[in-house]
J.: 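Would you mind keeping the following structure in view while I ask a few things?
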Amino acid sequence: MQNNLQAILTRVTVSFLLVIGAATAVAQELQKEADMLYERRAFFEASSEYVAAYAKEKNLDSRAHCAFYAGECYRFLHNHDLALEWYDKALGLRYASINPAIFLLYGDVLRDQENFFDAMEWYEKYGSVADRSVADARIEASDIAALSIDEPPSRYIVEPMYTINSPEYDFAPIYSSKKNNTLVFASSRESSAGTGEDPMTGESYMDLFTTTQDKKGRWSEPEPLGNTICTSSNEGAAAFDKKFKTIYFTRCVDEGGSNLACDIYYAPVVGNSYGASQPLYIVDRDEDDSTQLGHPAISPDG
């Protein structure tokens, strides 16, 4: 009977170890996949992989790694609350002893929420264990920002353009006519071309949109520039030459859910529309497929 009991205990122990081993292998695979996605800047997809790996991982250092990088993904996605939540988990696992930069980044998230005084406390923590000069520069900038909210140093008032903005990313506006009554800007709103989801943002791939201001100062509903400019890939950050005869913009071609190297494209302005776009060929993509080019700016002399 004793031998039977020992045999049962042995089988249970072996089964338990096999389950632990399988769970560890799954967690390691999830973390590896998350790290690969993070390196590709696919922060939206990487965040869910880190969260899943954190839930399955037993090793404390690995759990801290997953928590910190989940926080980083959410920081890049501008989800401040989740970024702080996962930084807190990493701090609870003593990740700061491995990478004190978490103090600096925690402060940055608080700063981006205009919580300047709490941010300065975290910068102070970073300065006490790492780079004092970096901490002091952040503290000084936060102090100036906090004062500027109470006493704005400018006579200009900055307000959001509610009639143009969407819940998604809207950025890089630029005048697209001599009268300064039309704007072109980048957006990942749902009316973008294509049906794909950008693994970096979790939103639609970005396109260029235009809006026109009428004589009463009202801006029209933004519309995409058209299929010679907007594709199922990412387009953004446009610029125009001095005579508004040529548009230059960034395009990051998507292939199988992975953004390839970005390039600057251009197209002629034809009345109220645009001709066929083509790359500037600043680099030879047959020899260099990784250099990123984008966000053009045109000097007054072209």
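Residue numbers count from 1 along this sequence. Just so you know, these numbers use all the heavy atoms, side chains as well, and skip hydrogens, waters and symmetry mates.
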J.: Please step through side chain to side chain contact (heavy atoms under 4.5 Å, CB included) for the pair Leu91 and Asp88, ending with a clear verdict.
T.: CA-CA 5 Å; Leu91 288 167; Asp88 282 333; 4.2 Å; yes

J.: Minimum heavy-atom separation for Ser204 to Ser188, with atom names?
T.: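 Shortest heavy-atom separation between Ser204 and Ser188 comes out as O-CB, 3.3 Å.
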
J.: Do Leu293 and Cys262 touch side chain to side chain, with heavy atoms closer than 4.5 Å?
T.: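 Result no, sub-4.5 Å side-chain heavy-atom pair not found.
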
J.: Taking atom types as modelled, is there a side-chain donor on Thr228 or Ser277 under 3.5 Å from an acceptor on the other?
T.: no

J.: What I want to check is whether the side chains of Ser177 and Thr182 have a donor and an acceptor closer together than 3.5 Å.
T.: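 Their side chains do contain a donor-acceptor pair, which is all the 3.5 Å distance test asks for.
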
J.: Leu208 and Gly236: which non-hydrogen atoms are nearest, and at how many Å?
T.: CD2-CA, 3.8 Å

J.: Look only at the side chain of Asp241 and the backbone of Thr246, and say whether a donor-acceptor pair between them is shorter than 3.5 Å.
T.: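 Present.
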
J.: When you measure from the side chain of Thr210 to the backbone N and O of Leu183, does any donor-acceptor pair fall under 3.5 Å?
T.: yes

J.: For the side chain of Thr250 and the backbone of His295, is there at least one donor-acceptor N/O pair under 3.5 Å apart?
T.: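 Yes.
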
J.: Would Tyr265 and Ile247 show up in the same hydrophobic cluster when neighbours are defined by side-chain heavy atoms closer than 4.5 Å?
T.: yes

J.: Is it true that Tyr175 and Ile164 fall in one hydrophobic cluster, defined by side-chain heavy atoms closer than 4.5 Å?
T.: yes

J.: Is it true that the side chains of Asp35 and Tyr50 contain a donor and an acceptor less than 3.5 Å apart?
T.: yes

J.: Look up atom NE2 in His65 and atom CG in Leu93, then write down how far apart they are to the nearest 0.5 Å.
T.: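 These two atoms lie 13.0 Å from each other.
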
J.: Can you hop from Ile174 to Tyr248 via hydrophobic side chains spaced under 4.5 Å?
T.: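 No, because Ile174 and Tyr248 fall into different hydrophobic clusters, even though each may have its own neighbours under 4.5 Å.
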
J.: Within a 6.0 Å radius of atom CG on Asn272, are there more than 12 heavy atoms belonging to other residues, nucleotides or ligands?
T.: no

J.: Return the set of residues passing side chain to side chain contact (heavy atoms under 4.5 Å, CB included) with His78 (not counting sequence neighbours), or none when no residue passes.
T.: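 Result, side chain to side chain contact (heavy atoms under 4.5 Å, CB included) vs His78: Tyr169.
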
J.: Is any side-chain heavy atom of Tyr274 closer than 4.5 Å to a side-chain heavy atom of Leu225?
T.: yes

J.: Quick one: does Phe244's side chain get under 4.5 Å of Val269's, heavy atoms only?
T.: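 In short, these two side chains do not touch, never coming nearer than 4.5 Å.
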
J.: Are more than 12 heavy atoms from other residues, nucleotides or ligands located less than 6.0 Å from atom CE of Met161?
T.: yes

J.: If every non-hydrogen atom of Gly127 is compared with every non-hydrogen atom of Arg132, which pair is closest and at what distance?
T.: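 In terms of heavy atoms, the two residues are closest at C-NH1, 3.6 Å.
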
J.: Does Phe44 reach the side chain of Leu37, with side-chain heavy atoms less than 4.5 Å apart?
T.: no

J.: Assess whether a salt bridge exists between Arg218 and Asp214, defined as any Lys/Arg side-chain N lying under 4.0 Å from an Asp/Glu carboxylate O.
T.: yes

J.: If only atom types and distance count, is the side chain of Thr211 paired as donor or acceptor with the main-chain N or O of Ser220 below 3.5 Å?
T.: yes

J.: Can you see whether Tyr281 engages Asp263 through a side-chain donor-acceptor pair at a distance of less than 3.5 angstrom?
T.: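 Absent: no donor and acceptor within the cut-off.
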
J.: For Thr231 and Glu235, which I'm curious about, is there any donor-acceptor pair between the side chains at under 3.5 Å?
T.: yes

J.: Kindly indicate, with the supporting measurements, whether the criterion side chain to side chain contact (heavy atoms under 4.5 Å, CB included) is fulfilled by Trp122 and Leu104.
T.: CA-CA 6 Å; Trp122 285 91; Leu104 189 72; over 6 Å; no

J.: As an exercise, state the distance from CG of Asp81 to OH of Tyr74, rounded to the nearest 0.5 Å.
T.: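 So the gap between those two atoms works out to 12.0 Å.
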
J.: For Asn59, is there any backbone N or O sitting under 3.5 Å from a side-chain donor or acceptor partner on Glu57?
T.: yes

J.: Could you list the residues that satisfy ring pair (Phe, Tyr, Trp, His ring centres under 6.0 Å) with Phe43, not counting sequence neighbours?
T.: Tyr38, Phe76

J.: Heavy-atom count check: over 12 atoms from other residues, nucleotides or ligands less than 6.0 Å from Glu140 CD?
T.: no

J.: Which heavy atom in Phe103 sits nearest to a heavy atom in Ala96, and how many Å separate them?
T.: CZ-CB, 3.5 Å

J.: For residues Val129 and Leu110: do they belong to one hydrophobic cluster (side chain heavy atoms under 4.5 Å, members Ile, Leu, Val, Met, Phe, Trp, Tyr)?
T.: yes

J.: Can a salt bridge be assigned to the pair Asp108 and Arg138 using a cut-off of 4.0 Å between side-chain N and carboxylate O?
T.: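 A salt bridge links Asp108 with Arg138.
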
J.: Looking at Phe117 and Ala146, what are the two nearest heavy atoms and their distance?
T.: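 Taking Phe117 first and Ala146 second, the nearest heavy atoms are CZ-CB, 4.0 Å.
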
J.: Are the side chains of Ser47 and Tyr69 in touch, meaning some heavy atoms are under 4.5 Å apart?
T.: no

J.: Any chance CD of Glu85 has more than 12 other-residue heavy atoms, nucleotides or ligands included, within less than 6.0 Å?
T.: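 Yes - once you tally the heavy atoms of other residues, nucleotides and ligands closer than 6.0 Å, there are more than 12.
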
J.: Are the side chains of Phe209 and Pro224 in contact, using a 4.5 Å heavy-atom criterion?
T.: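 A side-chain contact under 4.5 Å exists here.
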
J.: Could you see if Ile264 belongs to whatever hydrophobic cluster contains Val184? Use Ile, Leu, Val, Met, Phe, Trp, Tyr and a side-chain cutoff under 4.5 Å.
T.: no

J.: Look up atom SG in Cys252 and atom CG in Asn234, then write down how far apart they are to the nearest 0.5 Å.
T.: 5.5 Å

J.: I need the Gln213 CD to Trp219 CH2 distance, nearest 0.5 Å.
T.: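 Interatomic distance, Gln213 CD to Trp219 CH2, rounded to 0.5 Å: 4.5 Å.
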
J.: How many angstroms lie between atom OG of Ser232 and atom CG of Asn227, to the nearest 0.5 angstrom?
T.: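 Output value for this atom pair is 11.5 Å.
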
J.: What pair of heavy atoms forms the shortest contact from Pro100 to Tyr126, and how long is it?
T.: O-CD1, 3.3 Å

J.: Is there a side chain to side chain contact (heavy atoms under 4.5 Å, CB included) between Phe68 and Leu105 once you walk through the steps?
T.: CA-CA 10 Å; Phe68 171 73; Leu105 297 168; 3.7 Å; yes

J.: Applying side chain to side chain contact (heavy atoms under 4.5 Å, CB included), name anything that partners Ser166, two or more places apart in sequence or on another chain.
T.: Glu168, Asp170, Ser187, Arg189

J.: Does a side-chain N-to-carboxylate-O contact under 4.0 Å join Lys32 and Glu29?
T.: no

J.: In Å and rounded to the nearest 0.5 Å, what is the NE2 to CZ distance from His80 to Arg111?
T.: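 Interatomic distance, His80 NE2 to Arg111 CZ, rounded to 0.5 Å: 9.0 Å.
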
J.: Using a 4.5 Å cut-off on heavy atoms from C-beta on, say whether the side chain of Glu124 contacts that of Ile139.
T.: yes

J.: Suppose we call two aromatic rings close when their centres sit under 6.0 Å apart. Are Trp86 and Tyr54 close by that rule?
T.: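 Yes, the ring centres sit under 6.0 Å apart.
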
J.: Checking Asp198 side chain against Gly202 main chain: does a donor-acceptor pair fall under 3.5 Å?
T.: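 The answer is no, because no donor-acceptor pair under 3.5 Å joins these two groups.
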
J.: With the side chain counted from C-beta on, respond yes when Asn99 and Tyr95 share a heavy-atom pair under 4.5 Å apart, and no when they do not.
T.: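 With C-beta onward as the side chain, the pair touches.
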
